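Only one structure is covered here, and it is reproduced in the block below.
Only this structure's heavy atoms are used, side chains among them; waters, hydrogens and symmetry mates stay out. For reference, positions follow the sequence shown, starting with 1. Note that the coordinates shown come from a computational prediction; the quantities given were computed from them, not determined experimentally.
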Amino acid sequence: EFHCGFEEEALCSFSQDKSDEFDWTRHSGSREGTTYTPNTGPSSDHTGSNQGFYMFIETSRPRLEGDKARLMSPTFNINSKSVASSSSASNNPTYCFTFYYHMYGKHIGALNIFLRQKGQTPTDTLVWRLTGNQGNYWRQARVNIHPTTAFQVVMEGVRGSGIEGDIAADDVTIEEGECKDSPPNNLRSFASLPSCYVLLLCITQSLVLIGWQR
């Protein structure tokens with residue numbers, strides 16, 4: 001299993017693509033409180049820690065609509081035992097790519113995930129995509145990928161129509177096997193609930209307490 005929370009400047013050997021228009025930026029809530037533009041970006045990493053780091057794309061000027069920033073994982077070799085036991089191309093080993101994303105702002109563009117397979121001519125296959133404002137909270141995504149050779153995962157942030165379009169990513173994991181169906185049931189997943197649900201839960205608890213006291 002590979003895991004990266006971007007806590008170290010080395011970025012777990014992630015690298016910036018040199019052929020895109022701009023780069024991802026490593027950031028923590030303790031530096032500025034949020035990303036550099038108001039009304040967009042997270043105020044902390046996905047665990048709620050102001051000291052924790054995450055990666056994000058800064059979409060202020062001079063960035064233009066459609067500009068892309070690509071962050072590439074280290075290269076992984078597929079499990080040779082899994083390949084030997086696979087009887088057909090449709091039965092290639094499966095890996096689960098898990099990450100947290102934050103897409104808040106009225107100008108959010110897109111977050112794309114590509115599987116880049118090595119070879120004489122590397123090929124990029126889009127395996128996950130999300131566009132638009134997803135609210136001011138972290139969400140988890142899990143993606144099954146089926147590489148046939150050594151591979152990288154590429155995270156591509158695309159700038160939207162304005163400056164309120166910062167996209168962030170945190171806590172990336174790659175492990176062999178199918179992804180589990182649902183996010184883990186723990187306190188961290190509670191942070192991804194929309195605020196209206198949290199408020200409704202608080203009101204319900206208050207009414208129960210009032211009724212019990214009577």
Subject >> Cation-aromatic face contact Arg26/Phe53, 6.0 Å, 45 degrees >> reply: yes

Original post:
Would you say Asn112 and Lys68 make side-chain contact, with heavy atoms under 4.5 Å?
Top reply: no

**OP:** Give a yes or no answer on whether the side chain of Glu8 reaches the backbone of Ala10 with a donor-acceptor pair at less than 3.5 Å.
**Re:** no

Subject >> Qualifying residue, where the test is ring pair (Phe, Tyr, Trp, His ring centres under 6.0 Å) with Phe99 and the options are Trp128, Phe2, Phe6 >> reply: Trp128

**OP:** Verify the ring-centre separation between Tyr100 and Tyr54: is it less than 6.0 angstrom?
**Re:** no

Subject >> Side-chain donor-acceptor pair present, Ser49, Gln51, cut-off under 3.5 Å >> reply: no

Original post:
Is Trp138 reaching over with its side chain to a backbone N or O of Thr47, donor-acceptor style, under 3.5 angstrom?
Top reply: no

Original post:
Do Met55 and Leu11 have side chains that get closer than 4.5 Å, going by heavy atoms?
Top reply: yes

Original post:
Has the side chain of Gln152 got a donor or acceptor atom that lies under 3.5 Å from a matching backbone atom of Thr75?
Top reply: no

Subject >> Distance-only side-chain donor-acceptor flag, His107 / Ser161, under 3.5 Å >> reply: no

Original post:
Are the side chain of Asp67 and the backbone N or O of Glu21 linked by a donor-acceptor pair below 3.5 Å?
Top reply: no

**OP:** For Asn144 and Cys179, indicate whether the former's side chain and the latter's backbone hold a donor-acceptor pair under 3.5 Å.
**Re:** yes

Subject >> Thr131 backbone acceptor or donor facing Gln134 side chain under 3.5 Å >> reply: yes

Original post:
Judged by modelled atom types alone, do Asn50 and Ser44 share a side-chain donor-acceptor pair under 3.5 Å?
Top reply: no

Original post:
Is there a side-chain contact between Asn136 and His102 (heavy atoms, below 4.5 Å)?
Top reply: yes

Original post:
Is it true that Phe151 and Tyr95 have ring centroids separated by less than 6.0 Å?
Top reply: yes

Subject >> Test item: Ile78 and Thr148 side chains (from C-beta on) under 4.5 Å apart, heavy atoms >> reply: no

Subject >> Steps toward side chain to side chain donor-acceptor pair (under 3.5 Å) verdict (Thr125, Gln117) >> reply: CA-CA 8 Å; Thr125 303; Gln117 302 200 73; 5.1 Å; no

Original post:
Does atom CD of Glu1 have more than 12 heavy-atom neighbours, drawn from other residues, nucleotides or ligands, at distances under 6.0 Å?
Top reply: yes

Original post:
Salt bridge or not for Glu156 and Arg70, using N-O below 4.0 Å?
Top reply: yes

Original post:
With no hydrogens and no angle check, is any side-chain donor or acceptor of Thr40 less than 3.5 Å from a backbone partner on Tyr104?
Top reply: yes

